[in-house]
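Take a look at the structure below.
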Amino acid sequence: EPLPFRSLFSWYLDLRLTGRAVALQLLLSVWRTATSLVCMIPGLVCTILGSQSGAPDFLVLLALPLTLLGSLAGYFCYVRLLPAQYLLARSPELGVGQALSQGFARNPQLSGMLQRQRPGLGSGRDFFLLQLSFLVWHLVSLMLYQVLDLYVVPYQHMASMLFLTALDTAREAPGGPDLTLL
């Protein structure tokens, strides 16, 4: 049923909900930065050691792949906590800590988000691959001074929410998961 336009802002009028959402986003941003930096340490060490005179050439060749793999691993760690923001949107009564712990844990309240329904469906890996599929869009947007983020970011969030909703629906269906919409 259509809702009035003012209902769009009802979440923000409740300062507790807004505070939780801002706190969660701040924690997710810190987590993303920290995990990316920690995971990129081997590549950075190779870069520093490879720039020394007399260092073996393989260190320089190894630096870029290790840095890229570390960045990807850091992003994977970030995506493991990313469902917390969707859990908070679905259940505003959750606290930030509860949303984070449920977003990370294999928990029945995740409604199959990170649990395997069938081999290959509904795992944390699938959610990571969905998030990774937006990488090209983010890179193009970065080259265009992030103008495309006006389209890409809402699209990514809507796709994530639909992905998790489809998993909920598939889990509750008596015949098992049917993710043909995805």
Side-chain angles (χ1 to χ4, degrees), residues 1 3-41 70-135 137-138 149-150 152-179 181-182:
E1 109 184 36
L3 297 173
F5 182 72
R6 69 179 178 275
S7 68
L8 208 91
F9 302 102
S10 63
W11 179 282
Y12 299 103
L13 294 176
D14 186 353
L15 293 180
R16 289 179 300 133
L17 296 178
T18 302
R20 286 182 195 155
V22 169
L24 181 64
Q25 276 308 120
L26 181 65
L27 286 172
L28 285 174
S29 297
V30 168
W31 174 254
R32 181 178 188 173
T33 303
T35 56
S36 293
L37 288 175
V38 167
C39 290
M40 287 191 302
I41 285 175
S71 180
L72 193 61
Y75 188 68
F76 179 76
C77 292
Y78 165 69
V79 169
R80 291 286 297 178
L81 284 182
L82 196 58
Q85 67 185 1
Y86 303 109
L87 286 170
L88 188 63
R90 279 190 196 166
S91 306
E93 70 278 356
L94 290 175
V96 174
Q98 291 171 322
L100 285 170
S101 65
Q102 288 179 18
F104 189 71
R106 293 179 183 261
N107 188 315
Q109 290 183 352
L110 284 177
S111 304
M113 229 186 290
L114 298 175
Q115 296 175 353
R116 288 213 176 266
Q117 306 289 336
R118 243 192 267 164
L121 294 177
S123 67
R125 184 194 73 217
D126 295 331
F127 188 70
F128 172 70
L129 291 175
L130 173 70
Q131 299 303 313
L132 198 59
S133 70
F134 288 97
L135 180 65
W137 281 106
H138 286 294
D149 278 353
L150 293 171
V152 174
V153 171
Y155 186 72
Q156 181 178 12
H157 287 295
M158 184 57 71
S160 299
M161 194 66 156
L162 289 174
F163 178 84
L164 300 175
T165 302
L167 286 176
D168 279 345
T169 306
R171 185 181 63 88
E172 293 169 1
D178 179 22
L179 300 176
L181 295 174
L182 302 176

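Residue indices begin at 1 and follow the sequence shown. A quick note: this is a predicted structure, and the numbers were derived from the prediction, not measured.
Expressed to the nearest 0.5 Å, how far OG1 of Thr18 lies from CG of Leu13 amounts to 7.5 Å. Separating the CG atom in Leu132 from the CZ atom in Arg125 is a distance of 12.5 Å, to the nearest 0.5 Å. To the nearest 0.5 Å, atom CZ of residue Arg80 and atom OG1 of residue Thr35 are 12.5 Å apart. Taking CD of Gln131 as the reference point, atom OH of Tyr78 lies at 8.0 Å (rounded to 0.5 Å). Distance CD/Gln98 to OG/Ser91: 10.0 Å, rounded to 0.5 Å. Expressed to the nearest 0.5 Å, how far CZ of Phe127 lies from OG of Ser160 amounts to 4.5 Å.
Heavy-atom minimum distance, Gln85 versus Leu24: CA-CD2, 3.4 Å. Between Arg20 and Val96 the shortest heavy-atom distance is O-CG2, 3.5 Å. Here the shortest heavy-atom pairing between Leu82 and Tyr86 reads O-CD1, 3.7 Å. The heavy-atom pair separating Leu130 from Ser133 by the smallest distance is O-OG, 2.5 Å. Leu88 and Ala99 get closest at one heavy-atom pair: CB-CB, 4.4 Å. Across all their heavy atoms, Cys39 and Gly70 have their closest contact at CB-O, 3.0 Å.
No side-chain heavy atom of Leu87 sits under 4.5 Å from any side-chain heavy atom of Leu164.
With Trp31 contributing its side chain and Cys77 its backbone, the two residues share a donor-acceptor pair below 3.5 Å.
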